[in-house]
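Presented below is the structure to which this report refers.
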Amino acid sequence: MANDASTVFDLVILGGGSGGYAAALRGAQLGLDVALIEKDKVGGTCLHRGCIPTKALLHAGEIADQARESAQFGVKATFEGIDVPAVHKYKDGVISGLYKGLQGLIASRKVTYIEGEGRLSSPTSVDVNGQRIQGRHVLLATGSVPKSLPGLEIDGNRIISSDHALVLDRVPQSAIILGGGVIGVEFASAWKSFGAEVTVIEGLKHLVPVEDENSSKLLERAFRKRGIKFNLGTFFSKAEYTETGVKVTLADGKEFEAEVLLVAVGRGPVSAGLGYEEQGIAMDRGYVLVDEYMRTNVPTVSAVGDLVPTLQLAHVGFAEGMLVAERLAGLKTVPIDYDGVPRVTYCHPEVASVGITEAKAKEIYGADKVVALKYSLAGNGKSKILNTSGEIKLVQVKDGAVVGVHMVGDRMGEQVGEAQLIYNWEALPAEVAQLIHAHPTQNEALGEAHLALAGKPLHAHD
């Protein structure tokens, strides 16, 4: 390996996704000399194969639904179908614009960007393109890829991952989606809007099973109304090709057939063959283990993002990357409260939450110490105008702070910002009730819910 010993970076980052590039930008901003190594494109999964393209597809689906349903708003329009190449052009245009902007940011902060497949070669170096890049500290941020189940091979033909689904050249006539978590229900929502017949298979007893059970039930009700089918509580057994598509068999013998099978059972860390174990990095099932400051057991190595067993969310990666950069720059840092991270599933209707579920609150504080309140969007003027339904559910420690906010309804992801402040600042219902929320907005539903919880409901029955 060629090695320019005169160049030792303060921070060498392996992986240019959300966590890696956030650490690079913040580190350079704080005066660190940073090298960022990425084998594909800066921006990683979120920008190129995750958050951004899926939300573009979901928005195109929303436009399709609005065209179909325009008559109820007094607008004469016709829906003539989905132009798949044009949808991809729109989606790719969004990605391209953000990618160019990110490249400009990296260049403007004077981050040394190295394109190539890197490998950890020592606790203070990464080998890439025949060179050894030395650093006083190394940050591992190699992200994740779609995973499958034992015996289920993703072939990119009829059995596909989310990566394949994002570039599919057609709208499938029918689809089985294996997995009812965020990825599964978002694709189910988009494909249904595009005109596909969709069935979601989830082995646990609810869709979006990590959310509050009330949110799951509301989403299930909405999916039934939209004609999205789902089978809950029975696990996958096998998949096989038929003459025209794929047949999926469940553990109870039930069978489902469709044109394609989308495997959406989560994402696994990218760590194999990258030298982590050889350098003594503590790992578990492919994940790199870290403490609350994102430090591994090797003093000169940290890790962030989907590579570590925290929430697999782009904004979590951003925060973890910034935390590492600030710690290395000598700033005082505070560990991330992962319960306080906003979570949004961008299906129709959206599911948004921050804090803990009612069940978790009862487990922590005791059932008699927990108060839960549901506020229906039926009483919210803007939601009525938008023709969306759903609920806001608040979870409170009796006579104390709100510890969970759970919302279901179109555009609820846009309300999670205030919910995040309520949880993270340990607000009392009476304190939020004092704030004046604009009318008519969906945001005021959050205010009305807190008015009700504070004992002075306005547009809600006592």
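These figures come from a predicted structure and were not determined experimentally.
One finds a salt bridge joining Glu358 and Lys393 here, because a Lys/Arg side-chain nitrogen approaches an Asp/Glu carboxylate oxygen to under 4.0 Å. The existence of a salt bridge linking Glu220 and Lys217 is excluded, since no basic side-chain nitrogen approaches an acidic carboxylate oxygen closer than 4.0 Å. Using a cutoff of 4.0 Å between basic side-chain nitrogens and carboxylate oxygens, Arg119 and Glu278 are scored as salt-bridged. Looking at Lys55 and Glu186, a side-chain N of the basic residue comes within less than 4.0 Å of a carboxylate O on the acidic one, giving a salt bridge.
The closest side-chain donor-acceptor pair between Arg267 and Thr45 falls under 3.5 angstrom. Looking at His348 and Asp410, their side chains do bring a donor and an acceptor atom within 3.5 Å of each other. If you check the side chains of Glu213 and Thr357, you find no donor sitting under 3.5 Å from an acceptor. Checking Asn443 against Glu418 by side-chain atom types alone, a donor-acceptor pair falls below 3.5 Å. Under the 3.5 Å distance criterion, with hydrogens and angles disregarded, no donor-acceptor pair is assigned to the side chains of Thr296 and Tyr276. In this model, no donor atom of one side chain and acceptor atom of the other lie less than 3.5 Å apart for Arg132 and Ser122. The closest side-chain donor-acceptor pair between Arg327 and Thr333, if any, does not fall under 3.5 angstrom. Gln134 and Ser125 form no side-chain donor-acceptor contact under 3.5 Å, judged by distance and modelled atom types alone. Using a 3.5 Å distance cut-off with no hydrogens or angles, the side chains of Tyr287 and Asp306 do not pair a donor with an acceptor.
In this structure, the separation between CZ on Phe256 and CD1 on Ile177 is 13.0 Å, given to the nearest 0.5 Å. Between atom CD1 of residue Ile422 and atom CG of residue Leu394 there is a gap of 7.5 Å, rounded to the nearest 0.5 Å. With values rounded to the nearest 0.5 angstrom, Thr142 atom OG1 is found 11.5 Å from Ile37 atom CD1. Rounded to the nearest 0.5 Å, atoms CG (Leu58) and OG (Ser189) are 5.5 Å apart. Between atom CD1 of residue Ile13 and atom CG of residue Leu25 there is a gap of 8.5 Å, rounded to the nearest 0.5 Å. Note: Glu259 CD to Ser174 OG = 5.5 Å, rounded to the nearest 0.5 Å.
Shown here for Val263 and Ile159, the closest heavy-atom pair between the two residues is CG2-CG2, 3.8 Å. Between Leu446 and Ile392 the shortest heavy-atom distance is N-CD1, 3.6 Å. In plain terms, the two heavy atoms of Gly16 and Glu38 that are nearest each other are N-OE1, 2.7 Å. Nearest heavy atoms, Val304 versus Ala141: CG2-CB, 3.8 Å. Residues Asp40 and Tyr113 come closest through the heavy atom pair O-OH, 4.3 Å. Between Gly179 and Glu202, the shortest heavy-atom distance links the atoms C-OE1, 3.8 Å.
In terms of modelled atom types and a separation under 3.5 Å, the side chain of Arg109 and the main chain of Ala28 share no donor-acceptor contact. With hydrogens and angles disregarded, no donor-acceptor distance shorter than 3.5 Å links the side chain of Arg49 to the backbone of Ser162. The backbone N or O of Met412 sits less than 3.5 Å from a side-chain atom of Glu350, completing a donor-acceptor pair. Here the side chain of Thr345 pairs no donor or acceptor atom with the backbone of Cys347 at under 3.5 angstrom. Between the side chain of Asn129 and the backbone N or O of Glu115 there is at least one donor-acceptor pair closer than 3.5 Å. No donor-acceptor pair under 3.5 Å is formed between the side chain of Arg285 and the backbone N or O of Gly268. Put simply, the side chain of His59 never gets that close to the backbone of Thr54: no donor and acceptor are under 3.5 Å apart. In this structure a side-chain-to-backbone donor-acceptor pair under 3.5 Å is missing from Asp339 to Ile356.
Residue Arg136 places its CZ atom among more than 12 non-hydrogen atoms of other residues, nucleotides or ligands, all under 6.0 Å distant. With a 6.0 Å radius and a threshold of 12 heavy atoms from other residues, nucleotides or ligands, Lys39 has its NZ atom at or below the threshold. Heavy-atom neighbours of Glu426 CD from other residues, nucleotides or ligands within 6.0 Å: at or below the threshold of 12. The number of heavy-atom neighbours closer than 6.0 Å to CZ of Arg411, taken from other residues, nucleotides and ligands shown, is 12 or below. Heavy atoms of other residues, nucleotides or ligands lying less than 6.0 angstrom from CD of Glu277 number more than 12. The number of heavy-atom neighbours closer than 6.0 Å to CD of Glu240, taken from other residues, nucleotides and ligands shown, is above 12.
Between Thr112 and Ile114 the shortest side-chain heavy-atom distance falls below 4.5 Å. At a threshold of 4.5 Å between non-hydrogen side-chain atoms, the residues Leu307 and Val270 do not count as touching. With contacts defined as side-chain heavy-atom distances shorter than 4.5 Å, the pair Leu57/Lys91 qualifies. Counting heavy atoms from C-beta outward, Phe9 and Ile133 have side chains that approach closer than 4.5 Å. Using a 4.5 Å heavy-atom cutoff, the side chains of Ser144 and Pro269 are not in contact. Using a 4.5 Å heavy-atom threshold, the side chains of Ile336 and Glu320 count as touching. In this structure, the side chains of Ile95 and Leu98 stay at 4.5 Å or more apart for every pair of heavy atoms. Considering only heavy atoms from C-beta on, Ile228 comes within 4.5 Å of Lys192 through its side chain.
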Exercise. How far apart are the C-alpha atoms of Leu289 and Asn297, what are their side-chain angles, what is the distance that settles it, and do they pass the side-chain contact (heavy atoms from CB on, under 4.5 Å) test?
Worked result: CA-CA 8 Å; Leu289 300 179; Asn297 61 312; over 6 Å; no

Exercise. Can you list the steps and then say if Lys360 with Ile364 is a side-chain contact (heavy atoms from CB on, under 4.5 Å)?
Worked result: CA-CA 6 Å; Lys360 185 68 175 176; Ile364 294 171; 3.9 Å; yes

Exercise. Should Val208 and Val185 be marked as a side-chain contact (heavy atoms from CB on, under 4.5 Å) after you check the CA-CA gap, both sets of side-chain angles, and the distance that decides it?
Worked result: CA-CA 8 Å; Val208 288; Val185 299; 4.0 Å; yes

Exercise. Please walk me through it: do Asp212 and Lys374 pass salt bridge (Lys or Arg N to Asp or Glu O under 4.0 Å)?
Worked result: CA-CA 12 Å; Asp212 189 272; Lys374 298 175 187 176; over 6 Å; no

Exercise. Do His48 and Tyr99 pass the ring-ring contact (aromatic ring centres under 6.0 Å, His included) test, and can you show the C-alpha distance, the side-chain angles, and the key distance before you say yes or no?
Worked result: CA-CA 8 Å; His48 300 285; Tyr99 179 45; 5.0 Å; yes

Exercise. Between Val432 and Val402, is a side-chain contact (heavy atoms from CB on, under 4.5 Å) present by the stated rule, with each step listed?
Worked result: CA-CA 10 Å; Val432 182; Val402 172; 5.9 Å; no

For this session: Could you check Ser383 against Gln442 for side-chain hydrogen bond (donor to acceptor under 3.5 Å, both in side chains), going step by step and ending with a plain yes or no?
Result: CA-CA 6 Å; Ser383 296; Gln442 287 184 293; 3.2 Å; yes

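No cation-pi contact links Lys247 to Tyr241, judged by a cut-off of 6.0 Å to the six-membered ring centre and 45° from its axis.
Ring to ring, Tyr375 and His450 are not that close: their centroids are 6.0 angstrom or more apart.
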